[in-house]
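Beneath this line is the structure, given in structure tokens, with notes to follow.
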Amino acid sequence: QVQLVESGGGLVQAGGSLRLSCAASGRTFSNYIMAWFRQAPGKEREFVAALKWSGGITYYADSVKGRFTISRDNAKNTVYLQMNSLKPEDTAVYYCAAKVSSSSVRAPAGYAYWGQGTQVTVSS
């Protein structure tokens, strides 16, 4: 059974940094796409970043490109989201997600597995 557990959220001032972690378990993820999505109150869930576990190809939303970095630790089966230069508009619940297919990486509908989410709040 696949399990994704996020951690690392919190309250930070604008311009600050946070690192989110997603610990994955239940199977081998070498053929998986691992992604981060976020959802702010009253808004739809939106794509943030994704990583192809095998090969390390990365994808980013334009809104976070140059500020956020997605990475993985094979030994720990963990995916990270390093968030720098945070802005108040980055405030949301951040979710880790996983799927096998590499198509439509940016669409949340195709992801079979989701974590419980971790709150990130950026104060101005």
For this session: Could you walk me through whether Tyr95 and Leu4 pass side chain to side chain contact (heavy atoms under 4.5 Å, CB included), step by step?
Result: CA-CA 9 Å; Tyr95 297 91; Leu4 305 175; over 6 Å; no
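- Residue Gln116 holds its CD atom at 8.5 Å from CD of Gln3, rounded to the nearest 0.5 Å.
- One hydrophobic cluster, built from ILVMFWY side chains closer than 4.5 Å, holds both Val2 and Val100.
- Other residues sharing the hydrophobic cluster of Val5, ordered by chain and number and joined by side-chain separations under 4.5 Å: none, the residue standing alone.
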Which side-chain N or O atoms in residues 14-34 pair as donor and acceptor under 3.5 Å with protein atoms at least two apart or in another chain?
{"from": "Ser17", "atom 1": "OG", "to": "Asn84", "atom 2": "OD1", "distance (Å)": "2.9"}
{"from": "Arg27", "atom 1": "NH1", "to": "Tyr32", "atom 2": "OH", "distance (Å)": "3.0"}

For residues 44-64, dump all side-chain donor-acceptor pairs below 3.5 Å to protein atoms at least two apart in sequence or in another chain.
{"from": "Arg45", "atom 1": "NE", "to": "Gln39", "atom 2": "OE1", "distance (Å)": "3.3"}
{"from": "Arg45", "atom 1": "NH2", "to": "Gln39", "atom 2": "OE1", "distance (Å)": "3.3"}
{"from": "Glu46", "atom 1": "OE2", "to": "Arg38", "atom 2": "NE", "distance (Å)": "2.6"}
{"from": "Glu46", "atom 1": "OE2", "to": "Arg38", "atom 2": "NH2", "distance (Å)": "3.1"}
{"from": "Trp53", "atom 1": "NE1", "to": "Asn74", "atom 2": "OD1", "distance (Å)": "2.7"}
{"from": "Tyr60", "atom 1": "OH", "to": "Ile70", "atom 2": "N", "distance (Å)": "2.9"}
{"from": "Asp62", "atom 1": "OD1", "to": "Lys65", "atom 2": "NZ", "distance (Å)": "3.3"}

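- By the ring-ring contact (aromatic ring centres under 6.0 Å, His included) test, Trp114 pairs with Phe37, sequence neighbours left out.
- Here Tyr80 contributes atom OH and Cys96 contributes atom SG; the two are 12.0 Å apart, rounded to the nearest 0.5 Å.
- Ser123 pairs by the side-chain contact (heavy atoms from CB on, under 4.5 Å) definition with Leu11, Gln13, not counting sequence neighbours.
- Under the 4.5 Å side-chain criterion, counting only non-hydrogen atoms from C-beta, Val12 is not in contact with Met83.
- In this structure, the side-chain contact (heavy atoms from CB on, under 4.5 Å) partners of Ala40, at least two apart in sequence or on a different chain, are Lys43, Ala92.
- Connection of Leu81 to Leu86 is established within a shared hydrophobic cluster, with ILVMFWY side chains joined at heavy-atom distances below 4.5 Å, either directly or through further cluster members.
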